[in-house]
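Owing to the predicted nature of the structure, the values given are computational and were not obtained by experimental measurement. Counting convention: from 1, in listed order, for ligands and their atoms alike.
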Amino acid sequence: MLAATDLAARLAAAETRYVEANPESRRLHEARRRFMPGGNTRTTIHQPPFPLTIVRGDGAVLTDADGHEYVDFLGEYTAGLYGHSHPVIADAIREALTDGIVLGAPNRHEIALAEAICARIPSIDLVRFCNSGTEANLLALALARAVTGRSGVLVFAGAYHGGILLFGHGVSPLNPPFDWIVGKYNDTAGAARLIAEHAHELAAVIVEPLQGAAGVIPADPDFLRTLRDATAAHGVLLVLDEVMTARLARGGMQELLGIEPDLTTIAKFVGGGLSFGAFGGDAELMGRFDPSRPDALQHGGTFNNEVLTMAAGAAGLTRVLTDREIERLNGLGDGLRDRLNGFAAERELDFCATGYGSLVGLHFTRGPVRSERDVPDSPELRGLLHLHMLERGFSYGRRGFVALSLPLDEVDIDGFADATEEFLEAVGGA
Ligand SMILES: Cc1ncc(COP(=O)(O)O)c(C=O)c1O
């Protein structure tokens, strides 16, 4: 790879080109800065020197404020699975809109969405809705704490379970003050030991079957099976965070792995592209929320059954996301990952693509990447690759995050792979 000085010079030149090419995005960023800290209300989408402002999305094509078009490989961090303008989703929203919003009562659309979720994920007998994946995880953990009477939660380093459930660099000071115990991801023996040692104080173990934000790192099936067995043996609840991974199979990654968690959390695409979260599990556990019970747990939320989300989510699950489409998209992701890994291996480059199916991580290391500790920081290389890809008309998450969406096809994948290989060729071998 290039020497550090060359890298810094190339990055500075690429940033200069970026600034020159995007005057309107820069102006809008400055306008936002007057009213929002750093011009930002969502840390994930900030990037130096300023992010592009996107003004339009159509299929898998994004248009920025300066009129540039990009083929979208970010897919709104998995929430954009259906693309930006799927006609079935758009029609469902329009149709729901004609009957009015903020109805303040149960509505007809929530039945179809709840039924579709329960039908797809067998471990979910009953489901409750909320407004985000963060909220879904908070509620699942709160439920676990309420039913067990214990306060501890085992999480894994690198995990991202939400805006105030971050474990990328230790325990974030913004996280709720639960008694967190932080284990190592994919350390099977270590996790079994922690569960046995802390069983008396643990309400739940929460885990992503594939760590998304940490670098698109799949769990070893054995690691997850051990978590299942150890939690069951000690009366601790297993919460599977499928917010990102539910898209990988009809019944989520738990179906692929044959693991039945006590509680599952989902969000993102399941709301059809609108704000959404949900948590569910077996009838006895979730039945604690049944308001007709004298001992019911209360869970309010003005927008829990917001009509447009309910209609969009139900349309997506029942009419768009077929098994065949899931398979096709996973195939495209596998093809991209295999091609880039083959290219890097042949040239002995410090680069690899991780992930599963339609979720792909790009990293400047030969790997293997089994936990966040195996992911090198490489901010210059990541920045340079990102700017290179934008110049070639491809957008994705600068940290190396790719989530494919349904409007993409082989031609798009080839284009993305060609542009990535062009970059890797330019920065050179080891
Ligand atoms: C695995 C995982 N859990 C939870 C969340 C939080 O979801 P939301 O952004 O809807 O709060 C995310 C978001 O990226 C996620 O990746």
Side-chain angles (χ1 to χ4, degrees), residues 40-46 74-82 117 121 127-142 144 153 155-168 171-172 174-176 178 180 185-186 204-219 224 227 238-248 252-254 257 261 263-280 301 303-304 306 309 312-313 316 354-361 371-372 375 396-405:
N40 177 268
T41 189
R42 181 180 173 197
T43 307
T44 317
I45 55 174
H46 175 72
L74 174 60
E76 182 52 295
Y77 294 91
T78 72
L81 175 62
Y82 300 117
I117 291 169
I121 305 180
V127 64
R128 279 185 86 91
F129 300 138
C130 52
N131 296 282
S132 68
T134 305
E135 229 187 300
N137 283 322
L138 284 170
L139 283 157
L141 295 179
V153 178
V155 295
F156 296 97
Y160 183 84
H161 296 296
I164 52 164
L165 291 167
L166 290 94
F167 304 90
V171 179
S172 164
L174 293 181
N175 288 356
F178 296 174
W180 301 110
Y185 197 65
N186 273 333
V205 174
I206 183 167
V207 65
E208 296 161 85
L210 168 152
Q211 280 194 333
V216 198
I217 308 167
L224 293 176
L227 294 185
L238 179 64
V239 180
L240 204 60
D241 178 344
E242 294 241 41
V243 166
M244 277 202 176
T245 54
R247 56 154 46 207
L248 295 173
M253 210 152 184
Q254 57 193 272
L257 296 161
L263 288 168
T264 299
T265 56
I266 51 179
K268 298 203 185 265
F269 78 89
V270 183
L274 304 184
S275 306
F276 178 75
F279 62 105
F303 291 112
N304 286 355
E306 195 275 319
T309 309
T354 59
Y356 185 96
S358 63
L359 300 179
V360 182
S371 79
E372 96 292 351
V375 176
Y396 70 101
R398 180 173 286 205
R399 66 182 186 223
F401 186 87
V402 168
L404 303 183
S405 60

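The minimum heavy-atom distance between P218 and N186, with the atom names listed, is O-ND2, 3.3 Å.
Between the side chains of Q254 and T264, at least one donor N or O sits under 3.5 Å from an acceptor N or O. Side chains of H46 and N40: a donor-acceptor N/O pair is absent below 3.5 angstrom, by distance only.
A salt bridge between R42 and E76 is present, with a side-chain N of the basic residue lying under 4.0 Å from a carboxylate O of the acidic one.
No side-chain heavy atom of T78 sits under 4.5 Å from any side-chain heavy atom of F269.
Atoms of ligand 1 lying under 4.0 Å from at least one heavy atom of V243, given by number and element, are 2 (C), 3 (N), 4 (C), 5 (C), 12 (C), 15 (C). Atoms of ligand 1 found under 4.0 Å from any heavy atom of E208, numbered from 1 in the order shown, are 1 (C). In summary, the atoms of ligand 1 found under 4.0 Å from a heavy atom of N137, numbered by their order in the structure, are 3 (N), 4 (C).
Residue, atom and distance of the protein heavy atom nearest to atom 10 (O) of ligand 1 are G133 N, 2.8 Å. Scanning the protein heavy atoms around atom 3 (N) of ligand 1, the nearest turns out to be D241 OD2, 2.7 Å.
Distances shorter than 4.0 angstrom do not occur between any heavy atom of Y77 and any atom of ligand 1.
When non-hydrogen atoms are compared, ligand 1 lies under 4.0 Å from the side chain of K268 (C-beta onward) but not from its backbone. Counting heavy atoms under 4.0 Å from ligand 1, residue T134 touches it through both backbone and side chain.
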